[in-house]
Asks: 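Have a look at this one before I ask anything.
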2 protein chains.
Amino acid sequence: MHLDENSTLPFYQQIYEHFHRGITDGTYPAKGKLPSIRGLADELRCSRNTVEAAYQLLVQEGYVASKPGSGYVIQDIRHLDNVTASRDASAQSPQQAPKTRYDFAYGNLQAGTFPALTWRTITDDILLSVGIEAADTYTDANGEWDLRAEIAWRLSMTRGITCKPEQVIIQGGTQPSIQNLLCLFNPETDLVAMEDPGYDAVRKVLEHSRFNITYCDVVSQTHQFIKDVEACDARLIYVTPSSQFPTARVMGTDMRERLITWARKNDAYILEDDYCREFRYLDRPLPPLHTMDPDRVIYMGTFSKSVSPALRMSYLVLPPALLERWNETFTEAYPAVPWLSQVVLTRFMKEGHRDRHLRKQQTRNKRKYETLVDALQRTMGDRIEILKNGTGLHVLVNVLDGRSQDELIEAALAHDVRVYDTNRYWVRKDHPLAGCVLVGFSAIEEEDIVPGVEALAHAWFGE
Amino acid sequence: MHLDENSTLPFYQQIYEHFHRGITDGTYPAKGKLPSIRGLADELRCSRNTVEAAYQLLVQEGYVASKPGSGYVIQDIRHLDNVTASRDASAQSPQQAPKTRYDFAYGNLQAGTFPALTWRTITDDILLSVGIEAADTYTDANGEWDLRAEIAWRLSMTRGITCKPEQVIIQGGTQPSIQNLLCLFNPETDLVAMEDPGYDAVRKVLEHSRFNITYCDVVSQTHQFIKDVEACDARLIYVTPSSQFPTARVMGTDMRERLITWARKNDAYILEDDYCREFRYLDRPLPPLHTMDPDRVIYMGTFSKSVSPALRMSYLVLPPALLERWNETFTEAYPAVPWLSQVVLTRFMKEGHRDRHLRKQQTRNKRKYETLVDALQRTMGDRIEILKNGTGLHVLVNVLDGRSQDELIEAALAHDVRVYDTNRYWVRKDHPLAGCVLVGFSAIEEEDIVPGVEALAHAWFGE
């Protein structure tokens, strides 16, 4: 062995690597001894501290034991994991779909939105701080207290929702939230209802759950939805009152009142998904359903739109009676979200970063929304109908000349524009929005909106 | 307004705060104008760049719009979230249970185990790197490809498991894994089986799922378990063959062969939970069941023991036929784990940090295991029976004088020692291990083990 002065590895690590390799490949067999620290330091012409640092590392990792009187003895390492072969380079990542020039996707956010530098500063600070034993433990299954308190406080400030921190349950997204919520109900006796059309990811969860599902028509006639609700005896109904997904309709005051009355009469719970309430561009919306009856409404919120979908963080606000059932049901549960994500998000909110970040997003999305709607109207006029309500991150565009969604999407793709089908949101096959596609503006770059819409108009109407 | 040179806030931020406050509280109403940049800079005796920076911030956040020719116009901010009131200080965190001097808990890790500094360095690096658009999107619902490839490669190196990266599904822990897995089966026709005693967190999930459950006896007689299995027609069975939880028994070769034969004959799947295979202290264990029939065995692993339980990360390896069913079922699903956790863990593994970290943990846990078993034998001798097999992070201690678990736990607590009940793992009430408590060594400090066991011996036997 000799030490290489030109290596990027410090001396102690070179010594460590030498013995590590030798012990792993059998050159230095178990029960043998390492050279004495003084002897090796003299031989290598380095300091004893250097040799000792290398030996300490070998001791810590179990290759060697330091025995008083007999020096450093090589250990039997068969119980240790030793990964020596190289990785299989053939495991290639699957091919990605080619990118479209103008992609009006919904859900993903514009590249660069995630506040990476602030997130980094806070993460740094937390991981450097002393006393982070939470990092080594199973923390509160319902979420970190400070985060739940912060969310409860913000809900009261911005939504008029009154709830205690214990009612706020941190979850890893809409789907697991509903999966868990359904554990509080009984598929043999309890019917579940949702909107048609409605959020397909939620419908999937309900379908997997083996609950019987009733679909309530939100489109046919003004009060059809509430009539459908009143005609069923569901125990739980999923709704999106502040901006119905995907039609962007706002549930009116009379419908809200009838819904609450129905829930009280039927001993039912209303799951209010307020997925995009941060993004409203015209006026103050109606207060959440939750404010009308906190005992009947489960409020659900997400950080996917306002911080990042890759964060996988959302929350439920449970009515007291359901909270009790939840805590009984999930006595052996573990947190749904990593501790680190939770504490970083808490600081991100408490220190005001989220307010600033959200205002930027709100302002940008308002501009994007207005730009999109203007461009659609300017280029396509009365050949389309735009379903919108001044909220959210998408509009629906209904093309009135009888073409199907598939035809419209294919025509757009031929001009390097991607818009999305809405049939997936329907249970009914013969629905009245057969020529209606989804045009999202969360992911597309702001300056691409106008040329994208122009390309779309050209693709559809040849102009 | 004046600029405070002694403030910790930079000048531009003082200017920003002044206008922010004024616009929010109505002092500066909508449609009014901000002073010109030049005028304000002169008035405040600061540079124009300073004023411009403040104005840019106000523009970005939507308080002000910059109109060519008419300067900076204050906007209607009713659509923006504005949180101004202070937090309610009364929302106090709930009281924590008082700490016990010697806590032989299972599951939590020793404080300081989490490799916080390495985690920080990697996170830093990732959040500083360009091209992290994944941070703004819904990434692969089955997990990041590089992580899945790394896990597949390591499984082949350390476990002899042959699988492709696409078969590895990243999940947020044992419970959601099983919840999702059950979506591939039918509660009306498919019976599910598990061990008795067995992991209570898994039993809870099965109970919530409305599947019919059969419990197979792992304790009564040597082959009782496999007889119970062979007598049932379950479609899925949960087992812990390398170290049965909580009894620490190893499933013998003949039992393994009969289990595989049974699964083939009954078209059943075996869910092999290899929760603590990283920690084995005596000899090489048997290869995983998965190696005996990769088409019949679902392999499940976790990072809770080897990195951190607060990380909430685990994985499933699905047989090809089940993978197909999984992908069909979860077409609309989202990732179970935050993108950032996944990419940091990938680098942590690829750069060799995990190997080093794991070897340290393996070495320390081996010492702790030996220290614990030695101390138990030395202090309590043949008044106890120790159920152990040289793996894992706990042993069971069976006290043979007829005292109940409650009596033993209370006696220990009176001497400031905490050990844990095992009744919770049983479905049967009249089981043969009535005086058997769990003594974990994952969380307790190494130097507390001997005095903790001595205190326990004193508490139980008054010596």
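Computed from a prediction, not measured in an experiment: that's the story for all the values here. So you know, we letter chains A, B, ... as the sequences are listed, proteins then strands, and number each from 1.
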Asks: Pick one of side chain, backbone, both or neither for B:Thr331, based on which atoms fall under 4.5 Å of a heavy atom in chain A.
Replies: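 For B:Thr331, the side chain is the part near chain A, not the backbone.
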Asks: If you count heavy-atom pairs under 4.5 Å between each of B:Pro187, B:Gly107, B:Ser442, B:Ala105 and chain A, which one has the most?
Replies: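 Top count of heavy-atom pairs under 4.5 Å with chain A: B:Pro187.
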Asks: Heavy-atom cut-off 4.5 Å, strictly under: side chain, backbone, both or neither for B:Arg120 against chain A?
Replies: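 Both parts, heavy atoms under 4.5 Å.
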Asks: With a 4.5 angstrom heavy-atom cut-off, which part of A:Arg210 approaches chain B: side chain, backbone, both or neither?
Replies: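 Contact with chain B is through the side chain of A:Arg210 alone.
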Asks: Quick check for you: to the nearest 0.5 Å, what is the distance between A:Arg359 atom CZ and B:Tyr63 atom OH?
Replies: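 OH of B:Tyr63 is found 3.0 Å from CZ of A:Arg359.
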Asks: What residues, two or more places apart in sequence or in another chain, satisfy side-chain contact (heavy atoms from CB on, under 4.5 Å) together with B:Gln75?
Replies: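 B:Gln75 satisfies side-chain contact (heavy atoms from CB on, under 4.5 Å) with B:Ala65, B:Lys67, B:Val73 only.
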Asks: Tell me which of these, A:Glu207, A:Arg364, A:Arg203, A:Arg356, has more heavy-atom pairs under 4.5 Å with chain B than the rest.
Replies: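 Heavy-atom pair counts peak at A:Arg356.
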Asks: Check each atom of B:Thr329 against the heavy atoms of chain A and say whether the ones under 4.5 Å are side chain, backbone, both or neither.
Replies: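 When you check distances to chain A, atoms from both the backbone and side chain of B:Thr329 fall under 4.5 Å.
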Asks: A:Asn108 side chain to B:Tyr138 main-chain N or O, any donor-acceptor pair under 3.5 Å?
Replies: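 Present.
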Asks: With a 4.5 angstrom heavy-atom cut-off, is it the side chain or the backbone of B:Val205 that approaches chain A, or both, or neither?
Replies: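 Neither part.
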Asks: Between chain A and each of B:Ala333, B:Pro176, B:Ser341, count heavy-atom pairs under 4.5 Å; write down the option with the most.
Replies: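 Top option by heavy-atom pairs under 4.5 Å: B:Ala333.
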Asks: Based on non-hydrogen pairs under 4.5 Å, which of A:His208, A:Met313, A:Arg367, A:Glu166 is most in contact with chain B?
Replies: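 Option with the greatest count: A:His208.
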Asks: Against chain B, label A:Tyr16 side chain, backbone, both or neither, depending on which of its atoms sit under 4.5 Å from a heavy atom there.
Replies: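 Contact with chain B involves the side chain of A:Tyr16 alone.
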Asks: So, for B:Leu127 and A:Phe114, which heavy atoms are closest and what is the spacing to 0.1 Å?
Replies: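 What the structure gives for the nearest pair is CD2-CE2, 3.9 Å.
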Asks: Is it the side chain or the backbone of A:Ala152 that comes within 4.5 Å of chain B heavy atoms, both, or neither?
Replies: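 No part of it gets close to chain B.
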Asks: Highest number of heavy-atom pairs under 4.5 Å with chain A: which of B:Ala443, B:Gly173, B:Cys183?
Replies: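 Looking at each option in turn, the highest pair count goes to B:Cys183.
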Asks: B:Gln110 versus chain A, heavy atoms under 4.5 Å apart: side chain, backbone, both or neither?
Replies: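 Backbone only.
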Asks: Side chain, backbone, both or neither: which part of B:Asp140 has an atom under 4.5 Å from a heavy atom of chain A?
Replies: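 When you check distances to chain A, no heavy atom of B:Asp140 falls under 4.5 Å.
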Asks: Return the CG to CD distance between B:Leu109 and A:Glu133, rounded to the nearest 0.5 Å.
Replies: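 Answer for the CG-CD pair, B:Leu109 versus A:Glu133, is 12.5 Å.
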Asks: For the residue pair A:Glu328 and B:Lys204, what are the closest heavy atoms and their distance?
Replies: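 Shortest heavy-atom separation between A:Glu328 and B:Lys204 comes out as O-NZ, 4.4 Å.
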Asks: In terms of heavy-atom pairs under 4.5 Å with chain A, which of B:Gly390, B:Gly112, B:Ala135 leads?
Replies: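 Most pairs with chain A among the choices: B:Ala135.
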Asks: Examine whether an atom of A:Arg424 lies under 4.5 Å from a heavy atom of chain B, and if so say whether it belongs to the side chain, the backbone or both; otherwise answer neither.
Replies: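 Just the side chain, heavy atoms under 4.5 Å.
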Asks: Do you know which two heavy atoms are closest between B:Pro335 and A:Arg312, and how far apart they sit?
Replies: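 That closest heavy-atom pairing would be O-NE, 2.8 Å.
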Asks: Please list, chain by chain and in numerical order, all residues satisfying ring pair (Phe, Tyr, Trp, His ring centres under 6.0 Å) with B:Trp339, sequence neighbours excluded.
Replies: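 Ring pair (Phe, Tyr, Trp, His ring centres under 6.0 Å) check on B:Trp339 returns nothing, list empty.
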Asks: With a 4.5 angstrom heavy-atom cut-off, which part of A:Lys360 approaches chain B: side chain, backbone, both or neither?
Replies: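 Answer is both: backbone and side chain atoms of A:Lys360 are under 4.5 Å from chain B.
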Asks: How far apart are the closest heavy atoms of B:Gly62 and A:Thr363, and which atoms are they?
Replies: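 Distance-wise, the nearest heavy atoms are CA-OG1, 3.0 Å.
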Asks: Decide whether A:Asn180 and B:Gln179 meet the rule of one side-chain donor and one side-chain acceptor closer than 3.5 Å.
Replies: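 A:Asn180 vs B:Gln179: donor-acceptor pair found between side chains.
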Asks: Could you state the interatomic distance from OG1 (B:Thr123) to CH2 (A:Trp119), rounded to the nearest 0.5 Å?
Replies: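 Between B:Thr123 OG1 and A:Trp119 CH2, I get 12.0 Å after rounding to 0.5 Å.
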Asks: Can you tell which part of B:Tyr199 gets under 4.5 Å to a heavy atom of chain A, answering side chain, backbone, both or neither?
Replies: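 The answer is the side chain of B:Tyr199.
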Asks: For A:Thr113, is it the side chain, the backbone, both, or neither that has a heavy atom closer than 4.5 Å to a heavy atom of chain B?
Replies: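 For A:Thr113, heavy atoms of backbone and side chain both lie under 4.5 Å from chain B.
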Asks: Is there a donor-acceptor pair under 3.5 Å between the side chain of B:Gln175 and the backbone N or O of A:Glu332?
Replies: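 Such a contact is found between B:Gln175 side chain and A:Glu332 backbone.
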Asks: Just so I understand: if I count every heavy-atom pair under 4.5 Å between each of A:Leu340, A:Asn186, A:Leu311, A:Thr121 and chain B, which residue has the most?
Replies: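 Winner by heavy-atom pair count: A:Asn186.
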